[in-house]
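Read through the structure below, which is laid out as structure tokens, and then see the notes.
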Amino acid sequence: MAENNMKEADAPVKKNFIDLQIDKDLTEGKNDSRVHTRFPPEPNGYLHIGHAKSICLNFGTAQKYGGKTNLRFDDTNPSKEETEYVDSIMADVRWLGFDWEDRLFYASDYFDQLYEFALKLIEDGKAYVDDQSSEKISEQKGTPTRAGIESPFRNRTVEENKDLFVRMKAGEFDEGARVLRAKIDMASPNMHMRDPIIYRIMKAPHHRTGDKWCIYPMYDFAHGQSDYWEGITHSICTLEFEVHRPLYDWFVDQLQETDYRPRQIEFARLNLSYTVMSKRKLLELVKDKHVNGWDDPRMPTISGLRRRGYSPESIRNFAERIGITKVDGMIDVTLLEHSVKEHLNKTAQRVMGVLGPLKVVITNYPDEQEEELDAVNNPEDESMGKRKVPFSKVLYIEKEDFMEDPPRKFFRLGPGREVRLRYAYFITCNDVIKDENGEIIELHCTYDPASKRGQLARWKKSKSYLALGFCPTRR
RNA sequence: UGACCCGUGGUGUAAUUGGCAACACAACUGAUUUUGGUUCAGUAGAGUCCAGGUUCGAGCCCUGGCGGGUCAACCA
């Protein structure tokens, strides 16, 4: 144990660009030199391997700096969110090996404070209620190259705005009838600064607050405040939020004390070759029953990978290997696969199995005899011990391990060939028995008693032949 | 035609912050092997998007291009 700790302490810590930023913040004494991150999933689906990268990054970064990490559900859109997702997310994060301790939060915890802040924005003349349709608002937004125009409702009085917003909350208006917008700059070169919507009417029950609310805050409004209230120092998110950062900062600056500031840092999300990572598409696969649920082994979800046999440490190693940058690239799946192979090779128990059985009769083996052979559980790790494998006259090999007319590079059994059965004897195939359709149903072989494992007499016939796995029949 | 971001072998990440480009995956040889696994030895592959500039010296700094990404949801 102590040795392990020493080892880890001595290992050079590989720094990514986020670490370097944190180093800088720390030397400047920012935020009392605290490091506090958060993993903020929206509970609208199961976590996938891309989230694993973010989880390892957020928890890993805090660990490196002796800081803390919160788990926060970003549940500001009740139409997509469910408790089932909340539960699966917590299970997956734990399975990956991370612990948020007592710091479990929900954006919905802040709905009251967020509402008060919206009111404050209105009172400060920095937010207004817009009565226009979403089409109209979007039309007035302009384009990236053309400035937007101001809403006719932009200059309502504080009193009127307040009255309308309170009534929005009271449920007096239909969904889509009105929104609350921040009053910033319709001509900003950054589209997100063109009077972004901060509250909308949604008459949908929320998975936690039920029907208490019929107005819900937008991500841009809620996220920075949630970070602030939780004392987050480094708010790590993916690249597409880069252009949101000025807005993130704007809201915090308008609404919070200046005692400290969370810093948003963006990194490139994971792209894996041959792998669908879009939550929308994964949801479609589940909903349309192309797969048997979110944890189908064919899914790139954490629960799918788990069922597939991936270990948490292999996923963590993978996350470590791929690194953290802002380069939007494409990682080869073989790297993920290599990570499991590496771990499983050291830890997995080996057994023999036959999927497509082909009967083998050892003609010169005594009818009633059965012996037990020693098989190692893991050649990489002797401490995993041995097991007994029964051997008798009739047994089964894999269909694919036999070819009647083997090509040059086929190293398994064929007519007249001699190969070893793993942990057992050399057998020679003498006869191929077929049914009336010409299908091979049975092989008649003879074994060489002198070739038993451990007896040096027949150590090896030919290095080009493989040892075949087999399944016994017990009498 | 706007704002912001990115550009190092096939892929991903490094490069003591200005000192002759390293590691991993993938590929290919060969050896070993009672898992076509593992392990071991080795090979090939970029001169760092381009062009200038500063410097004794540039992947790292400056300027200008080129290429790619993101942004116009009452999603996050």
Side-chain angles (χ1 to χ4, degrees), chain A residues 14-16 20 40-45 74-77 79-81 107 130 132-135 137-148 175-181 187-194 196-202 215-216 218-220 222-223 237-246 266 268 270-271 273 279-280 318 320-339 341-342 344-346 348 350-352 375-376 378-380 409-412 419-426 451 453-454 459-460 463-469:
Chain A
K14 201 168 128 194
K15 302 224 173 194
N16 57 49
L20 295 178
E42 183 188 13
N44 66 345
D74 223 332
D75 54 353
T76 56
N77 182 2
S79 67
K80 292 184 176 176
E81 298 152 5
D130 198 326
Q132 303 179 103
S133 67
S134 69
E135 294 73 38
I137 290 173
S138 137
E139 196 183 305
Q140 290 168 354
K141 209 148 202 166
T143 69
T145 52
R146 205 185 65 238
E175 242 176 65
R178 284 175 228 264
V179 290
L180 185 68
R181 292 228 258 166
S188 170
N190 183 338
M191 297 294 290
H192 295 279
M193 299 299 271
R194 321 246 262 228
I197 289 164
I198 60 182
Y199 260 97
R200 76 290 210 184
I201 299 170
M202 282 187 104
I215 56 171
Y216 292 93
M218 299 288 288
Y219 164 87
D220 284 311
H223 204 89
C237 61
T238 46
L239 244 33
E240 64 269 28
F241 291 100
E242 217 155 22
V243 283
H244 294 240
R245 196 184 335 133
E266 310 84 11
L270 172 67
N271 294 309
S273 58
K279 255 194 193 177
R280 210 201 92 244
F318 170 71
E320 187 57 40
R321 246 183 264 257
I322 59 179
I324 299 296
T325 63
K326 299 186 75 158
V327 184
D328 187 23
M330 174 75 73
I331 280 146
D332 205 307
V333 250
T334 58
L335 194 53
L336 210 213
E337 287 165 356
H338 175 262
S339 297
K341 287 180 192 169
E342 184 184 54
L344 259 25
N345 182 49
K346 290 191 198 117
R350 269 57 157 194
V351 291
M352 295 187 289
V376 292
N378 185 350
E380 307 296 318
K409 291 259 177 178
F410 187 80
F411 300 128
R412 290 166 271 180
V419 299
R420 176 180 284 284
L421 289 180
R422 196 137 203 255
Y423 305 120
Y425 302 93
F426 273 92
S451 66
R453 174 186 161 81
W459 167 242
K460 196 191 288 184
K463 65 177 176 181
S464 59
Y465 287 158
L466 293 164
L468 262 38

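Below, chain A is the first sequence line, B the second, and so on; all start at residue 1.
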Specify the glycosidic conformation (syn or anti) of B/U17, with syn defined as within 90° of 0.
-> syn
Take atom CD in A/Glu320; do more than 12 heavy atoms of anything else shown fall under 6.0 Å from it?
-> no
Any donor-acceptor pair under 3.5 Å linking the side chain of A/Asn271 with the backbone of A/Asp328?
-> no
How is A/Leu468 classified with respect to the nucleic acid when contacts are heavy atoms under 4.0 Å: base, sugar-phosphate, or nothing?
-> nothing
Nearest-Å distance for atom pair CZ/C1', residues A/Arg194 and B/C4 | 14 Å
May I have the distance from A/Asn16 (atom CG) to B/A15 (atom P), rounded to whole angstrom?
-> 11 Å
Name all residues meeting the side chain to side chain donor-acceptor pair (under 3.5 Å) criterion together with A/Asn44; count only those two or more places apart in sequence or in a different chain, and write none if there are none.
-> A/Glu42, A/Lys279
Considering only atom P, compute the distance from B/C61 to B/A14 and round it to an integer number of Å.
-> 15 Å
Regarding A/Asp332 and A/Thr334, is there a side-chain donor-to-acceptor distance under 3.5 Å anywhere?
-> yes
Choosing from B/G37, B/G36, B/U13, which nucleotide comes nearest the side chain of A/Thr325?
-> B/U13
Could you walk me through whether A/Leu239 and A/Lys326 pass side-chain contact (heavy atoms from CB on, under 4.5 Å), step by step?
-> CA-CA 7 Å; A/Leu239 244 33; A/Lys326 299 186 75 158; 3.9 Å; yes
Rounding to the closest angstrom, what is the interatomic distance between B/U63 and B/C20 at atom C1'?
-> 26 Å
Can you tell me how far C1' in B/A41 sits from the matching atom in B/C4, rounded to whole Å?
-> 49 Å
Rounded to the Å, how far apart are A/Tyr423 OH and B/U34 P?
-> 11 Å
Let me know the distance between CG of A/Leu270 and C1' of B/U11, rounded to the nearest Å.
-> 13 Å
Ignoring hydrogens and angles, are the base of B/G2 and the side chain of A/Arg146 linked by a donor-acceptor pair under 3.5 Å?
-> no
Indicate the atoms forming the closest heavy-atom contact of A/His223 with A/Pro40, along with that distance.
-> CE1-CB, 3.7 Å
In the 5'-to-3' direction, what one-character label does each nucleotide of nucleotides 23-30 of chain B receive under the scheme B = base within less than 4.0 Å of a protein heavy atom, S = sugar-phosphate only, - = no such atom?
-> -SSS----
Indicate the atoms forming the closest heavy-atom contact of A/Val419 with A/Phe411, along with that distance.
-> CG1-O, 4.4 Å
Write down the distance separating the C1' atoms in B/U13 and B/U8, rounded off to the nearest Å.
-> 10 Å
Find the distance A/Glu380:CD to B/U34:P and express it as a whole number of Å.
-> 14 Å
Closest to side chain of A/Arg422, choosing from B/U35, B/G36, B/G37 | B/U35
With heavy atoms under 4.0 Å as the rule, sort A/Leu20 into base, sugar-phosphate or nothing.
-> base
A/Arg245 CZ to B/A3 P: how many Å, rounded?
-> 16 Å
Base, sugar-phosphate, or nothing for A/Lys279, non-hydrogen atoms under 4.0 angstrom?
-> nothing
Between the side chain of A/Ser451 and the main-chain N/O of A/Phe426, is any donor-acceptor distance below 3.5 Å?
-> yes
Stems with RNA chain B, 3 or more Watson-Crick or G-U pairs in a row (under 3.5 Å), are B:2-7 with B:66-71, B:10-13 with B:22-25, B:27-31 with B:39-43, B:49-53 with B:61-65
What's the base orientation of B/G36: syn (chi within 90° of 0) or anti?
-> anti
Evaluate the criterion salt bridge (Lys or Arg N to Asp or Glu O under 4.0 Å) for residue pair A/Arg245 and A/Glu266; output intermediate values, then yes/no.
-> CA-CA 9 Å; A/Arg245 196 184 335 133; A/Glu266 310 84 11; 2.7 Å; yes
A/Glu320 atom CD is separated from B/A14 atom P, nearest whole Å, by 11 Å
Nearest-Å distance once atom C1' is located in both B/G59 and B/C75 = 40 Å
Return yes if some donor-acceptor pair links the side-chain N/O of A/Asn378 with the main-chain N/O of A/Lys346 below 3.5 Å, else return no.
-> yes
Can you tell me how far C1' in B/C5 sits from the matching atom in B/U35, rounded to whole Å?
-> 48 Å
Would you mind reading off the distance between A/Leu466 atom CG and B/U32 atom P, rounded to a whole angstrom?
-> 15 Å
Upstream residue (5' side of RNA chain B) when A/Lys326 and A/Ile331 are each assigned their closest nucleotide | A/Lys326
Can you tell me how far C1' in B/A46 sits from the matching atom in B/G65, rounded to whole Å?
-> 23 Å
Does A/Glu240 offer a backbone N or O that forms a donor-acceptor pair with the side chain of A/Thr238 under 3.5 Å?
-> no
Sequence neighbours left out, what passes side chain to side chain contact (heavy atoms under 4.5 Å, CB included) with A/Ser134? Give chain and number order.
-> none
Same-atom distance (C1') from B/U1 to B/C71, integer angstrom = 15 Å
Just by distance, do the side chain of A/Ser273 and the backbone of A/Val333 share a donor-acceptor pair under 3.5 Å?
-> yes
For every nucleotide of nucleotides 68-76 of chain B, 5' to 3': is a protein heavy atom under 4.0 Å from its base (B), only from its sugar-phosphate (S), or from neither (-)?
-> -SSSBSBSB
Listed partners of A/Asn345 passing side chain to side chain contact (heavy atoms under 4.5 Å, CB included), at least two apart = A/Arg350, A/Glu380
